[in-house]
Student: 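One structure is given below, represented as structure tokens, and several questions about it will come after.
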Amino acid sequence: MRLTILGGGGFRVPLVYGALLRDHAEGRVTHVTLHDLDRARLTAIARVLADQADGVPDAPSVTVTTDLDEALRGSDFVFSAIRVGGLEGRAADERVALAEDVLGQETVGAGGIAYGLRTVPVAVDIARRVARLAPDAWVINFTNPAGLVTEAMSRHLGDRVIGICDSPVGLGRRVARVLGVTDPAAARLDYVGLNHLGWLRGVYAGDGPGRDNLLPALFDDERALTSFEEGRLFGAEWLRSLGSVPNEYLHYYYFNRETVTAYREAKQTRGAFLRDQQARFYDGMANRTSASGALAAWDRTRAEREATYMAENREAAGAGERAADDLESGGYEYVALALMRAIARDEHATLILNVRNGDTLSLLDEAAVVEVPCLVDATGARPVAVSPLTGHEAGLVAAVKAVERCVLEAGESGSARAAVKAFALHPLVDSVGVARRLLDGYRSAHPGLGYLRS
């Protein structure tokens, strides 16, 4: 099989290639094409992959290209992991939002909207090219905001584009482990929402349809409830109030003031930190004459990146350092490979994915992309039944989906009015005046947003 990775010079690509190296079954990927607009980044990541593959028999071959059409032709699977505007764009998103005293996080609030406005037109172009040049390919979307971008692409690719995120996988794994589930992969998770806006409401382990929900017992055990990342982040009392365990990104909603304050007081924003950190890594790769030692350099950078993930939120919550178990990989690349394997080999799997809603959530239309457990086989991914959203869950989901629809309208029509509406309707933006200033600020920071005129 042939796999194309768009954004192939991206820092997390070695996670995916490492998973491919561990896959020795029939029908495995034999060739990987890396596509990126930045030749230097492509060269750097290709060196890391070459170091990874050293001594591995039958490692998938790797080619690099800056020609998108060339990359897509003949592909069986396309991983889309692009970052329009790069990390400098992310840092600018944070600065503009914080100047208005609102959140500029990459996928949540004003920052997520700005990122979506930059990304939707590019993602739509990619989807159209895939439909023309590789109509039988499956697109697996990593690009953030993942649900929004997947929905944009689905308008041209239908169910052949599926979005993935490692946050629900990590959440489910941590909670199952605390509950004493010996095989977390065998547990059934009742998880529902949108990307970076979901709740775990049930964990079912054992055989048979009458399996009990193990999650309520967790809320009665203070020690267990505060022993994992989300428990420390949200606090035991708030989790008991909710009766569920939220995705970590909901910390931006439930503790918004504290998080914005922590962001403002930090030495630099997350985007600025990653921009500088990765610049050092890529500069170091450019000075290498061979692949030797490239993997070790990448892994040192990755470990620092993981250890500082959501540091401002943990500081605001007093949650302390990340636990060692939370630094282990196994999310991003695990979901990608499991999804691809299930489709290519017709190996049935249940995975939490971003797919079109159908009739899963009654408050949303069929085309709305949601994040829910899905049954996956050679025909694709189909949502499974989940318990109904509670009142406040439904309210947040409906509000954020309305914002996403405004971003899609703006991205596809160039409507500045729709863009302002997206900012103004978001639960974390508190004024139409702020929304207008945000759009003005982002258009000044990102020349590419000049398409927003009407």
Side-chain angles (χ1 to χ4, degrees), residues 1-83 86 126 129-130 133-134 136-143 164 166 278-279 281-302 305 329-341 343-345:
M1 288 194 304
R2 298 178 67 88
L3 168 65
T4 293
I5 302 179
L6 308 181
F11 184 78
R12 296 214 287 179
V13 168
L15 290 174
V16 175
Y17 191 68
L20 296 177
L21 292 176
R22 295 188 291 271
D23 182 25
H24 301 293
E26 291 276 334
R28 63 195 289 266
V29 169
T30 57
H31 183 88
V32 177
T33 299
L34 305 181
H35 170 270
D36 205 289
L37 300 179
D38 188 324
R39 173 68 68 174
R41 289 169 63 90
L42 275 175
T43 300
I45 294 302
R47 284 178 177 157
V48 177
L49 269 52
D51 200 9
Q52 276 183 299
D54 186 35
V56 179
D58 301 321
S61 60
V62 177
T63 58
V64 300
T65 181
T66 57
D67 185 315
L68 179 57
D69 288 356
E70 176 187 332
L72 293 176
R73 288 191 185 96
S75 296
D76 297 296
F77 287 88
V78 177
F79 288 179
S80 181
I82 63 174
R83 180 176 287 281
I126 290 170
R129 292 190 194 214
V130 171
L133 299 171
D136 295 327
W138 290 88
V139 177
I140 300 177
N141 178 56
F142 299 79
T143 300
I164 72 169
D166 52 3
Q278 291 192 20
F281 165 77
Y282 285 106
D283 288 346
M285 287 295 104
N287 294 327
R288 289 179 179 270
T289 57
S290 73
S292 178
L295 177 60
W298 171 84
D299 199 48
R300 286 193 297 271
T301 307
R302 180 201 62 78
R305 172 193 174 112
S329 64
Y332 179 92
E333 69 278 19
Y334 162 77
V335 182
L337 189 60
L339 174 58
M340 186 167 60
R341 188 163 49 216
I343 293 174
R345 303 173 193 163

Student: Could you tell me if the side chain of Leu72 sits less than 4.5 Å from the side chain of Val78, heavy atoms only?
Tutor: yes
Student: Quick one: side-chain hydrogen bond (donor to acceptor under 3.5 Å, both in side chains) partners of Arg345, sequence neighbours excluded?
Tutor: Asp23
Student: Would you say the side chain of Ser292 lies within less than 4.5 Å of the side chain of Asp51, judging by non-hydrogen atoms?
Tutor: no
Student: Once you round to the nearest 0.5 Å, how far does CD1 of Ile140 lie from OG of Ser80?
Tutor: 11.0 Å
Student: Any side-chain heavy-atom pair from Val48 and Val13 closer than 4.5 angstrom?
Tutor: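 With C-beta onward as the side chain, the pair stays apart.
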Student: Distance check, rounded to the nearest 0.5 Å: Leu15 atom CG versus Asp166 atom CG?
Tutor: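 That separation rounds to 9.0 Å.
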Student: Are the side chains of Thr30 and Met1 in contact, using a 4.5 Å heavy-atom criterion?
Tutor: no
Student: What is the minimum heavy-atom distance between Ala134 and Ser75, and which atoms define it?
Tutor: CB-O, 4.2 Å
Student: Identify which one of Arg41, Arg39, His35 satisfies the side chain to side chain contact (heavy atoms under 4.5 Å, CB included) criterion when paired with Val64.
Tutor: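 Answer to the side chain to side chain contact (heavy atoms under 4.5 Å, CB included) test with Val64 among Arg41, Arg39, His35: Arg39.
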Student: Starting at CD1 of Ile45, measure out to OH of Tyr282 and round the result to the nearest 0.5 Å.
Tutor: 4.0 Å
Student: Got a second to check how far Arg28's CZ is from Arg22's CZ, nearest 0.5 Å?
Tutor: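 Reported to 0.5 Å precision, the distance equals 12.5 Å.
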Student: Is the closest side-chain donor-acceptor distance between His31 and Thr63 under 3.5 Å?
Tutor: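 The answer is yes; a qualifying pair exists.
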Student: So, do Ile164 and Asn141 sit near enough that their side-chain heavy atoms are less than 4.5 Å apart?
Tutor: no
Student: Tell me, please, which residues at least two apart from Arg47 pass salt bridge (charged side-chain N to carboxylate O under 4.0 Å, His left out).
Tutor: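 So Arg47 forms no salt bridge (charged side-chain N to carboxylate O under 4.0 Å, His left out) with any residue.
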Student: Could you tabulate the donor-acceptor pairs under 3.5 Å formed by side-chain atoms of residues 293-300, not counting sequence neighbours?
Tutor:
{"unit_1": "Trp298", "atom_1": "NE1", "unit_2": "Phe11", "atom_2": "O", "d": "2.8"}
{"unit_1": "Asp299", "atom_1": "OD1", "unit_2": "Arg302", "atom_2": "NE", "d": "2.9"}
{"unit_1": "Asp299", "atom_1": "OD1", "unit_2": "Arg302", "atom_2": "NH2", "d": "3.3"}

Student: Thinking salt bridges, do Asp67 and Arg73 make one under a 4.0 Å N-O criterion?
Tutor: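 Result for this pair is no, no salt bridge flagged.
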Student: Could you check whether any side-chain heavy atom of Met340 comes within less than 4.5 Å of a side-chain heavy atom of Val16, counting everything from C-beta outward?
Tutor: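 Side chain of Met340 against side chain of Val16, heavy atoms only: no contact under 4.5 Å found.
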Student: Measure the CG-OG1 distance between Asp36 and Thr66 for me, rounded to the nearest 0.5 Å.
Tutor: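 It is 9.0 Å, given to the nearest 0.5 Å.
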Student: When you compare the side chain of Phe77 with that of Val139, does any pair of heavy atoms fall below 4.5 Å?
Tutor: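 In short, these two side chains do not touch, never coming nearer than 4.5 Å.
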Student: If I take atom CZ from residue Phe79 and atom OG1 from residue Thr33, how far apart are they, to the nearest 0.5 angstrom?
Tutor: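 Reported value, rounded in 0.5 Å steps: 12.5 Å.
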Student: Can you find a pair of side-chain heavy atoms, one from Arg12 and one from Glu333, that are under 4.5 Å apart?
Tutor: no
